[in-house]
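Owing to the predicted nature of the structure, the values given are computational and were not obtained by experimental measurement.
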Amino acid sequence: MTSRGCNLAFGDFGLQSLGHGWITARQIEACRMAMTHATKRGGKLWIRIFPDKPLSKKPTETRMGRGKGAPELWVACIQRGRMLFEVKGVDRDIAMQSLRLASHKLALKTQIIERGVSLEAR
């Protein structure tokens with residue numbers, strides 16, 4: 001489990017990863033759009049991850065050699081416990097709904113964290 005970036009820093013509600021893996025830039029954008037639509041552009045949204053790792057791919061039917069392929073996509077490396085998104089300024093039901101919609105766009109297992117509520121109480 002990571003020690004940095006695992007707590008709520010900005011918002012009142014957050015989406016935390018329970019597993020590790022890669023999240024692509026397209027998945028992050030899909031989450032952002034779903035959350036913005038669910039909150040009706042109200043409140044404030046923080047994206048706590050950034051896709052800074054390029055993944056390259058060689059074209060199909062290309063012979064070996066001739067160097068590395070061009071960057072195909074960008075990913076963010078996620079470790080267990082990392083806070084992915086945070087929301088503030090909307091009521092609890094809307095925040096839970098928007099974070100639930102965002103979690104469906106990801107390939108990782110996640111949980112919703114609320115400020116002031118311990119993990120054992122949920």
Side-chain angles (χ1 to χ4, degrees):
M1 186 164 167
T2 62
S3 59
R4 288 179 49 124
C6 61
N7 296 323
L8 286 172
F10 306 105
D12 294 329
F13 303 93
L15 190 66
Q16 187 178 38
S17 70
L18 293 177
H20 63 277
W22 287 342
I23 295 180
T24 65
R26 299 182 92 177
Q27 289 173 336
I28 295 171
E29 180 63 14
C31 291
R32 186 197 63 80
M33 288 173 54
M35 292 174 71
T36 304
H37 182 75
T39 58
K40 296 182 175 58
R41 294 190 352 195
K44 178 89 171 131
L45 168 68
W46 287 272
I47 301 172
R48 299 276 309 269
I49 53 177
F50 187 78
D52 55 354
K53 178 184 176 87
L55 295 182
S56 62
K57 184 178 174 186
K58 290 186 70 96
T60 57
E61 300 181 5
T62 303
R63 295 188 178 189
M64 291 291 103
R66 307 232 184 245
K68 190 175 173 76
E72 187 75 16
L73 64 141
W74 293 81
V75 297
C77 298
I78 304 299
Q79 295 177 347
R80 188 163 99 14
R82 176 78 176 177
M83 193 64 63
L84 306 175
F85 302 99
E86 293 188 30
V87 179
K88 185 177 186 176
V90 293
D91 53 334
R92 185 179 189 276
D93 295 333
I94 293 174
M96 293 291 185
Q97 174 72 9
S98 68
L99 290 170
R100 188 184 64 80
L101 288 172
S103 70
H104 291 307
K105 307 289 183 192
L106 300 173
L108 299 174
K109 285 192 174 189
T110 58
Q111 68 179 355
I112 297 174
I113 302 293
E114 185 175 354
R115 187 179 298 281
V117 177
S118 65
L119 294 175
E120 293 81 24
R122 286 188 285 138

Can you name the nearest heavy-atom pair linking V90 to F13, along with the distance?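 Distance-wise, the nearest heavy atoms are O-CE1, 4.3 Å.
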Write down the atom of A76, the atom of I49, and the distance for their closest heavy-atom approach. CB-CB, 4.5 Å
Check: I113 and N7 side chains under 4.5 Å, non-hydrogen atoms: no
So do P51 and I28 actually touch side chain to side chain, heavy atoms under 4.5 Å? yes
Check which hydrophobic residues are tied to L55 through side-chain heavy-atom contacts below 4.5 Å, counting indirect links as well, and list them.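 Members alongside L55: W22, L73, V75.
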In the hydrophobic clustering (ILVMFWY, side-chain contacts below 4.5 Å, transitive), which residues join W46, or is it alone? F10
Could you please spell out the steps behind the side chain to side chain contact (heavy atoms under 4.5 Å, CB included) verdict for W74 and D52? CA-CA 6 Å; W74 293 81; D52 55 354; 5.6 Å; no
Which pairs with one or both residues in residues 86-110 pass salt bridge (charged side-chain N to carboxylate O under 4.0 Å, His left out), sequence neighbours excluded? R48-E86, R92-E114
In terms of hydrophobic clustering (I, L, V, M, F, W, Y; side-chain heavy atoms under 4.5 Å; direct or indirect links), are V87 and L101 co-clustered?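 They do not share one cluster, since no chain of ILVMFWY contacts under 4.5 Å joins V87 to L101.
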Side chains of residues 29-43: which donor-acceptor pairs under 3.5 Å do they make with residues two or more places apart or in other chains?
unit_1, atom_1, unit_2, atom_2, d
E29, OE1, R32, NE, 3.1
E29, OE2, R32, NE, 3.4
E29, OE2, R32, NH2, 2.5
T36, OG1, R32, O, 2.7
T39, OG1, M35, O, 3.0
T39, OG1, T36, O, 3.3

Distance from [X] atom [atom1] to [Y] atom [atom2], nearest 0.5 Å?
| X | Y | atom1 | atom2 | value |
| --- | --- | --- | --- | --- |
| I23 | C77 | CD1 | SG | 10.0 Å |
| Q16 | M83 | CD | CE | 4.5 Å |
| H104 | T110 | NE2 | OG1 | 8.5 Å |

R26: what forms a side-chain contact (heavy atoms from CB on, under 4.5 Å) with it, not counting sequence neighbours?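 R26 satisfies side-chain contact (heavy atoms from CB on, under 4.5 Å) with T24 only.
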S103 side chain to L15 backbone, donor-acceptor under 3.5 Å: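 Flag not set: sc S103 to bb L15 has no pair under 3.5 Å.
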For a side chain to side chain contact (heavy atoms under 4.5 Å, CB included) check, start with the C-alpha distance between H20 and I78, then their side-chain angles and the critical distance, and finish with the verdict. CA-CA 5 Å; H20 63 277; I78 304 299; 5.9 Å; no
Just grab all the side chain to side chain donor-acceptor pair (under 3.5 Å) pairs involving residues 57-68, residues at least two apart or on different chains.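 The answer is S56-K68.
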Before giving the answer on side chain to side chain contact (heavy atoms under 4.5 Å, CB included), spell out for L84 and L106 the whole-Å C-alpha distance, their side-chain angles and the decisive distance to 0.1 Å. CA-CA 11 Å; L84 306 175; L106 300 173; 3.7 Å; yes
